[in-house]
Amino acid sequence: MKPRIMVTRRWPAAVEHVLAERFDTTFNQSDAPMSLAQLKAAFLEFDAILPTVSDKLPAAVFPDADSRTKLLANFGVGFSHIDLDAARERGITVTNTPGVLTDCTADVAMSLLLSVSRRAGEGERQLRAGLWPGWCPTHMIGTKVTGKTIGIIGMGRIGKATAKRAHFGFDMDVIFYNRSKVDDEEIRAMGARQLPTIEDVLARADFVSLHCPGGAENRHVINAARLGAMKRGAYLINTARGDVVDHDALIEALEAGKIAGAGLDVYDGEPDVPPALMCMENVVLLPHLGSATEETRADMGMRAVENLTAFFERRPVPDKVA
């Protein structure tokens, strides 16, 4: 018999077709986030569950008794929404989809950087509202990007890809913080400098781009003190996870003019976004579009399929995180 699997959200049609062929697949036809009760029930009914970042899987959702589910094949590289300790305790393997979304997420990071610094969102809103008074030398002056310094927090795949775009595309100096030492050909080609602390990066960077993992270890890694360590004219860009930024502290820093602006693609508690951020003209907000291209979402789905197939064929899964 084919393994029974639950797909918690709608995936690209081509991937769903493969899943339906290879497995006894149940799709969430409504494409609405499943409740904790529904997810808990799924652990008793399916051999594998395919969650996304919109599915919160805390310890409470894992069944106390033996779980039929033995694999969580996550759609996405981040897995802070899954309690890995609870999965390990129950012998449940967890996989993710790394690598395939690197370029598109880095593209969005640069899009946010350019949009907020050049006031693109503000300008478009003004134009669409019919309020543009016409060109003049002092209209909507922004911040030059070329030749500035970008500070990367978390120099993994996406951090490196963003740094390369900034350095080779906009002649930006690259400084970065990473927990472990990073020294390879890519870093040397960019002339990127690793600094010993996050504060060292914040104090020097004109643009700070976050690429660190989410979860308890990095929750609110950007807090009031660290926002205060940034230059007054600096911008914060977040395409990592919403919980790495203290939104209350960010709002206070923006309202007080402690930093110049922010570009955000992810939010703590999304899809809810603090109303104060929605009202700020010096903030660019995107609805978690980092990997949202046809090619990347299909590649993410097929990466999950590879993990599923390997698991049920009793082969080592390529992207095991727990």
Side-chain angles (χ1 to χ4, degrees), residues 9-10 12 31-33 52-54 101 103-148 150 158 161-162 165-166 169-170 172 206-211 222 227 230-242 244-297:
R9 300 298 298 266
R10 298 308 304 266
D31 201 26
T52 71
V53 68
S54 61
L101 48 71
D103 285 329
C104 286
T105 305
D107 289 348
V108 165
M110 288 305 299
S111 297
L112 285 167
L113 187 155
L114 291 165
S115 293
V116 70
S117 63
R118 296 303 305 274
R119 303 174 67 175
E122 184 181 356
E124 188 190 30
R125 287 188 292 274
Q126 184 186 83
L127 189 147
R128 286 181 180 272
L131 300 175
W132 180 36
W135 187 91
C136 75
T138 58
H139 178 248
M140 209 161 281
I141 302 299
T143 298
K144 184 178 179 180
V145 171
T146 299
K148 295 294 180 65
I150 187 170
I158 301 172
T162 302
R165 284 156 173 73
F170 295 90
M172 299 180 80
D206 301 300
F207 298 89
V208 175
S209 192
L210 306 178
H211 302 285
I222 301 299
L227 287 162
M230 292 175 63
K231 294 180 178 181
R232 290 189 73 87
Y235 296 85
L236 181 71
I237 309 299
N238 188 16
T239 56
R241 281 291 178 264
V244 304
V245 176
D246 181 338
H247 280 175
D248 290 337
L250 176 60
I251 290 166
E252 192 279 329
L254 289 163
E255 288 178 338
K258 294 178 181 178
I259 63 173
L264 309 174
D265 187 44
V266 289
Y267 311 90
D268 195 5
E270 61 184 61
D272 295 330
V273 179
L277 289 176
M278 304 274 273
C279 297
M280 293 180 178
E281 290 288 8
N282 59 338
V283 178
V284 176
L285 305 171
L286 295 180
H288 205 147
L289 296 181
S291 62
T293 65
E294 182 176 353
E295 299 89 343
T296 295
R297 291 283 169 88

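Just so you know, these numbers use all the heavy atoms, side chains as well, and skip hydrogens, waters and symmetry mates.
- A distance-only check finds a donor-acceptor pair linking the side chain of Arg232 to the backbone of Gly257 [under 3.5 Å].
- Judged purely by atom type and a 3.5 angstrom limit, Thr296 has no side-chain atom pairing as donor or acceptor with the backbone of Ala292.
- Within 6.0 Å of atom CZ in Arg9, more than 12 heavy atoms from other residues, nucleotides or ligands are found, so the atom counts as buried in its surroundings.
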Name every donor-acceptor pair, under 3.5 Å, that has one atom in a side chain of residues 130-145 and the other anywhere in the protein, sequence neighbours excluded.
residue	atom	partner	partner atom	Å
His139	NE2	Gln126	OE1	2.8
Thr143	OG1	Tyr235	OH	2.8

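- Judged purely by atom type and a 3.5 angstrom limit, Asp206 has no side-chain atom pairing as donor or acceptor with the backbone of Ala234.
- In this structure, Arg119 does not pair ionically with Glu281, as no charged nitrogen and carboxylate oxygen lie closer than 4.0 Å.
- Contact detail for Leu289 and Val108: the closest heavy-atom pair is O-CG2, 3.8 Å.
- To the nearest 0.5 angstrom, Glu294 atom CD is 11.0 Å from Cys104 atom SG.
- Considering all non-hydrogen atoms of both residues, Pro274 and Ile251 come closest at CB-CD1, 3.8 Å.
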* Verify side chain to side chain contact (heavy atoms under 4.5 Å, CB included) between Val53 and Arg241, making sure each step is shown before the conclusion. => CA-CA 10 Å; Val53 68; Arg241 281 291 178 264; 4.2 Å; yes
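- Interatomic distance, CG of Leu236 versus CG of Leu210, reported as 5.0 Å (0.5 Å rounding).
- No donor-acceptor pair under 3.5 Å is formed between the side chain of Asn238 and the backbone N or O of Leu264.
- Closest of all the heavy-atom pairs between Ala109 and Ile237 is O-CG2, 3.7 Å.
- Residues Asp246 and Asp268 are not in side-chain contact: their nearest non-hydrogen atoms beyond the backbone lie 4.5 Å or more apart.
- The shortest non-hydrogen separation linking Leu227 to Ile259 is O-CG2, 3.9 Å.
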* Apply side chain to side chain contact (heavy atoms under 4.5 Å, CB included) to the pair Ile150 and Leu113, showing each step before the final yes or no. => CA-CA 10 Å; Ile150 187 170; Leu113 187 155; 3.9 Å; yes
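- Residue Phe170 holds its CZ atom at 4.5 Å from CE of Met110, rounded to the nearest 0.5 Å.
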